Number of protein chains: 2
Amino acid sequence: MTTYHHGDLRSALLQAAGQILEKEGLGALSLREAARRAGVSHAAPYRHFPDRERLLADLAAQGFELLNAELRKRAEGEMGLGYLEFALAHPQRFRLMFGGQLSFNDYAELRAAGEGRYEDLQEVFGSLGDDAPLAAAAAWALVHGLASLILDGHFAQAQHESGGAAAFAKKVLGSVRVARAAQRSA
Amino acid sequence: MTTYHHGDLRSALLQAAGQILEKEGLGALSLREAARRAGVSHAAPYRHFPDRERLLADLAAQGFELLNAELRKRAEGEMGLGYLEFALAHPQRFRLMFGGQLSFNDYAELRAAGEGRYEDLQEVFGSLGDDAPLAAAAAWALVHGLASLILDGHFAQAQHESGGAAAFAKKVLGSVRVARAAQRSA
DNA sequence: ACCTGAACACCGTTCAAGT
DNA sequence: ACCTGAACACCGTTCAAGT
């Protein structure tokens, strides 16, 4: 126990910080509290992270990896649902990833993870030719906006719906899919 | 000058806080700094706001009023663009309004302002009957997601596009409008 | 190389005291 | 009724010092 940190303090801090984030929220996530839970002094984290922002960026990068893994499991038509389920299952993580706290351009891994999403989507819509980037952007925006607005509680129906928020989201996405089918048949 | 605060310290604090928010970002917005700029002691704000959260909620409510005013100026078909231009013009305010910092259910005015948006949209889509709530949700989600992702820098094209982010957004929204027209003609 | 303890400059919030 | 100043419990960050 006394030799717990044989070089893995960095991982221990990330794990502690992740628990604080998910259970208490971003506001409660301090380096000092993470250090406390890892059983080290408040100055120890600075051997592994230059500042709090960097710890948050690593936590967000973990989130992108998790999201990417979830989406890879899905068939093309179910990716939107996978995105939404991730947001509903990890609301605090999702907000850290997309809440605008982190300046993406300062952290290379973050930007790469975000772009990965977009590029995959463009491939899915590849059949549309020049319009693929626009269709991919629209699809991502729709699903992302839906997740954000549901998390913020902006759709009363999403809460009262039988089956919960996921059922509401499924309905909304379904209604758009109808429009897309109509377009194809035209 | 010495009698500057003849009962309007509350407004002065909101104005100072608004400037900090837009210029330095939410992270730099402390009650103490707002008090400093208003020329009062750090404890004075507590006569007008129970805590920092409440000041932030009032700032967000101001943002919703501004957004609503902008959208009322627009024709039905241009509302999405108005939403986007608001987000691009007031990125920090937009993030405060939708970043998930504030629990909407704790602040009645905030919830009312948010619901106002959604109800207006349902009227716009009223011709769709039972599907109006779903279509309204989809439209809001699309525009909101687009604004959020552009602000976070997730679309490289949006930055490099001639005409800037607004031009990119216009293209994306235009590509969706095509789909809707095809649906109607079917 | 990695961690500790003291130190500094900030916060949010409370409260007795002043006008 | 409204504001001030001191006070408390937190932070992020730095740095000399220890192992």
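Predicted, not measured: the structure shown is a model, and the values here were computed from it. First the proteins, then the strands, lettered A, B, ... as listed; each starts at 1.
- Taking the six-membered ring wherever Trp is involved, the centroid distance between the rings of His160(A) and Phe168(A) does not fall below 6.0 Å.
- Taking the six-membered ring for Trp, His144(A) and Phe94(A) have ring centres closer than 6.0 Å.
- Remark on DNA chain D: of its neighbouring residues Pro50(A) and Glu33(A), the 5'-side contact belongs to Glu33(A), judged by nearest-heavy-atom nucleotide.
- An OP1 or OP2 oxygen of dG5(C) is reached within less than 4.0 angstrom by no side-chain nitrogen or oxygen of Arg32(A).
- Ring to ring, Phe98(A) and Phe64(A) are close: their centroids are under 6.0 angstrom apart.
- Protein atom CZ of Arg47(B) is 9 Å distant from nucleotide atom P of dC3(D), rounded to whole Å.
- The partner of dT19(C) is dA1(D), by the rule that a Watson-Crick or G-U pair needs both atom distances under 3.5 Å.
- The side chain of Arg52(A) lies closest to dT13(D) when the candidates are dT13(C), dT14(D), dT13(D).
- Ring-plane geometry between Trp140(A) and Tyr83(A) is classed as perpendicular, the angle between the planes exceeding 60 degrees on a 0 to 90 degree scale with a lower cut at 30.
- As rounded to whole Å, 16 Å separates atom P of dT13(D) from atom NE2 of His48(A).
- The interatomic distance linking Phe49(B) (CZ) with dG12(C) (P) rounds to 13 Å, in whole Å.
- Taking atom CG on Leu55(A) and atom P on dC11(D), their separation rounds to 14 Å, with Å as the unit.
- Here Ser30(A) reaches the OP1 or OP2 of dC11(D): one of its side-chain N or O atoms lies under 4.0 Å away.
- Pair assignment for dA6(C) gives dT14(D), based on Watson-Crick or G-U wobble hydrogen-bonding distances that are each under 3.5 Å.
- Residue His42(A) places none of its side-chain N or O atoms closer than 4.0 Å to OP1 or OP2 of dC10(D).
- Comparing dC3(C), dT13(D), dT14(C) by their closest approach to the side chain of Tyr46(A) singles out dT13(D).
- Residue Arg36(A) has its side chain nearest to dC11(D) when only dT14(C), dT13(D), dC11(D) are considered.
- Annotation: side chain of His90(B) is in contact with side chain of Glu22(B) (closest heavy-atom distance under 4.5 Å).
- Rounded to an integer number of Å, the gap from Asp51(B) CG to dT14(C) C1' is 13 Å.
- When the P atom of dG12(C) is taken as reference, atom CG of Leu26(B) falls 11 Å away, rounded to whole Å.
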